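Report on the following structure.
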Number of protein chains: 2
Amino acid sequence: MWRGALRAREQAEVALAPLGLRARHYGLMAILTDTGPASQRRIATQAGIDASRVVTLVDEMERLQFVRRLKDPSDRRAYLVDLTPAGKKLFAEARTATAAGERTLLAGLTAAERKQFVRLLGVVAGEGLG
Amino acid sequence: MWRGALRAREQAEVALAPLGLRARHYGLMAILTDTGPASQRRIATQAGIDASRVVTLVDEMERLQFVRRLKDPSDRRAYLVDLTPAGKKLFAEARTATAAGERTLLAGLTAAERKQFVRLLGVVAGEGLG
DNA sequence: TATTGTTATACTCTATAACTATA
DNA sequence: TATAGTTATAGAGTATAACAATA
């Protein structure tokens, strides 16, 4: 499983490199697309990483203007991190790019097997647990 | 997929910790069990890691006497790394331990789905590529 | 008191480069 | 010239601890 994941990540990195992105940037955009504007704390929980790393990650994406920090009106300590329009556009491109890599990765499977595999993987990965 | 692999590795680490092992030690023993005595170069290729890391890894396992370095009679530069009897015994225990973790990981699947999942995973991971 | 975001720091993992002894 | 193993080192990536502002 580890080996498969390494292959998958490598595919993703290769696919995203032309866009100037790393897998983690894709992950951030995926979370924001999923949940909408979110606090950094929530992003950390969702991604399963430390809050201090979210700082750096959001910094990077903010500097590139794909993401922005809005003040949370209901909690002056917190930000709401949000995709900018440019970020949404970029994420769409990134999805296209990674989809191609995914096809390569799953090339050995029939269409039915792919569907099955993705489904089972969802269960094993504990989908929806954050 | 990445998330699933993280869960899998964590399961493995937790399962192996009581034996004083890390996932990489298990990996080394698995390779040696598979291929028999092997040069460090071959182990590196097989595991997909750098040769310098194999040095450290074998050092650790040799100090614990689970592995030994035999001189390769046909190439005086090379060692043949081999499991000791204690290493073989340990690997059997480690297999039992990780099998329990595996059951936890695949708990959400039926028996048939598990079998299918493992098969598909083998294809995606490019089984036998090294 | 507890929590959000931040910074500084240290630790782990990993690869690279330079070396030796062989081939 | 090239390869097996080793060492030292440097670069990622990551978590931890301590802090200010706010709850």
Side-chain angles (χ1 to χ4, degrees), chain A residues 2-3 5-10 12-14 16-17 20-28 31-32 35-63 67-82 130, chain B residues 2-3 5-10 12-14 16-17 20-28 31-32 35-63 67-82 130:
Chain A
W2 191 251
R3 185 160 299 181
L6 283 178
R7 274 195 75 196
R9 193 184 61 170
E10 199 179 327
E13 295 282 10
V14 168
L16 293 170
L21 295 177
R22 302 293 306 272
R24 52 174 174 267
H25 303 123
Y26 182 89
L28 172 61
I31 287 174
L32 294 179
T35 69
S39 74
Q40 297 185 187
R41 179 67 49 178
R42 182 171 174 190
I43 292 169
T45 305
Q46 196 90 2
I49 62 179
D50 193 82
S52 64
R53 296 188 53 216
V54 177
V55 175
T56 312
L57 188 52
V58 172
D59 280 352
E60 288 169 5
M61 291 298 274
E62 191 181 38
R63 188 156 23 79
V67 136
R68 62 190 158 192
R69 283 179 166 102
L70 307 171
K71 286 289 185 184
D72 183 338
S74 70
D75 186 341
R76 285 192 299 169
R77 294 171 305 179
Y79 291 112
L80 286 173
V81 181
D82 191 18
Chain B
W2 191 250
R3 185 161 300 182
L6 282 177
R7 273 196 76 198
R9 194 183 59 170
E10 200 179 328
E13 295 281 10
V14 168
L16 294 170
L21 295 177
R22 302 294 305 274
R24 53 175 173 268
H25 303 123
Y26 181 89
L28 172 61
I31 287 175
L32 293 180
T35 69
S39 73
Q40 296 186 188
R41 179 67 49 177
R42 181 171 175 191
I43 293 169
T45 305
Q46 196 90 1
I49 62 179
D50 192 84
S52 65
R53 295 188 53 216
V54 177
V55 176
T56 311
L57 188 52
V58 172
D59 279 353
E60 287 169 5
M61 291 297 273
E62 190 181 38
R63 187 156 25 78
V67 136
R68 62 188 157 192
R69 285 179 165 102
L70 307 172
K71 286 289 183 184
D72 183 339
S74 71
D75 185 342
R76 286 191 301 169
R77 295 171 304 179
Y79 290 113
L80 286 174
V81 181
D82 191 17

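Only a predicted model underlies this, so the values are computations on that prediction, with no experimental measurement involved. Every chain is numbered from 1 and lettered A, B, ... according to where its sequence line falls, protein lines coming before strand lines.
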[X] has an atom [atom1]; how far is it from atom [atom2] of [N], in whole Å?
X       : N      : atom1 : atom2 : result
A:Lys71 : C:dT4  : NZ    : P     : 14 Å
A:Arg41 : C:dA2  : CZ    : P     : 14 Å
B:Glu10 : D:dA15 : CD    : P     : 11 Å
A:Asp75 : D:dA21 : CG    : C1'   : 10 Å
B:Gln40 : D:dT3  : CD    : P     : 17 Å
A:Asp59 : C:dA8  : CG    : P     : 12 Å
A:Leu6  : D:dG13 : CG    : P     : 14 Å
A:Asp50 : D:dA17 : CG    : P     : 11 Å

Can you tell me if the side-chain N/O atoms of [X] get under 4.0 Å from OP1 or OP2 in [N]?
X       : N      : answer
A:Arg42 : C:dT4  : no
A:Arg77 : D:dA20 : no
A:Arg69 : C:dT4  : no
B:Arg53 : C:dA15 : yes

* Please figure out whether A:Ser74 or B:Ala78 has its closest DNA chain D nucleotide nearer the 5' end. =>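 Nearest-nucleotide comparison on DNA chain D picks B:Ala78.
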* Asked: If you pin A:Arg9 and A:Arg76 to their nearest nucleotides in DNA chain D, which one's is more 5'?
  ->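 Final value for this comparison: A:Arg9.
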Quick one: [atom1] on [X] to [atom2] on [Y], what's the gap to the nearest 0.5 Å?
X       : Y       : atom1 : atom2 : value
A:Arg7  : A:Arg3  : CZ    : CZ    : 10.5 Å
B:Leu21 : B:Glu13 : CG    : CD    : 10.0 Å
A:Arg24 : A:Met61 : CZ    : CE    : 11.0 Å

* Could you please name the option among D:dT6, D:dG13, C:dT6 that lies closest to any side-chain atom of A:Arg22? =>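 Ranking D:dT6, D:dG13, C:dT6 by closest atom to the A:Arg22 side chain puts D:dG13 first.
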* To do: Please name the residue in the list A:Val58, A:Asp72, A:Ile31, A:Leu57 that meets the side chain to side chain contact (heavy atoms under 4.5 Å, CB included) test with A:Val81.
  =>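 Per the side chain to side chain contact (heavy atoms under 4.5 Å, CB included) rule, the option paired with A:Val81 is A:Val58, out of A:Val58, A:Asp72, A:Ile31, A:Leu57.
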* To do: Kindly say whether, by distance alone, the side chain of B:Ser52 makes a donor-acceptor pair under 3.5 Å with the base of C:dT16?
  =>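 Check passes, donor-acceptor contact within cut-off.
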* Which is true for A:Asp72 with a 4.0 Å heavy-atom rule: it touches a base, it touches only sugar-phosphate, or it touches nothing? ->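 Nothing: the residue A:Asp72, judged by heavy atoms under 4.0 Å, touches no strand.
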* To do: Go through the steps for A:His25 and A:Leu16 under the test side chain to side chain contact (heavy atoms under 4.5 Å, CB included), then give the verdict.
  => CA-CA 9 Å; A:His25 303 123; A:Leu16 293 170; over 6 Å; no
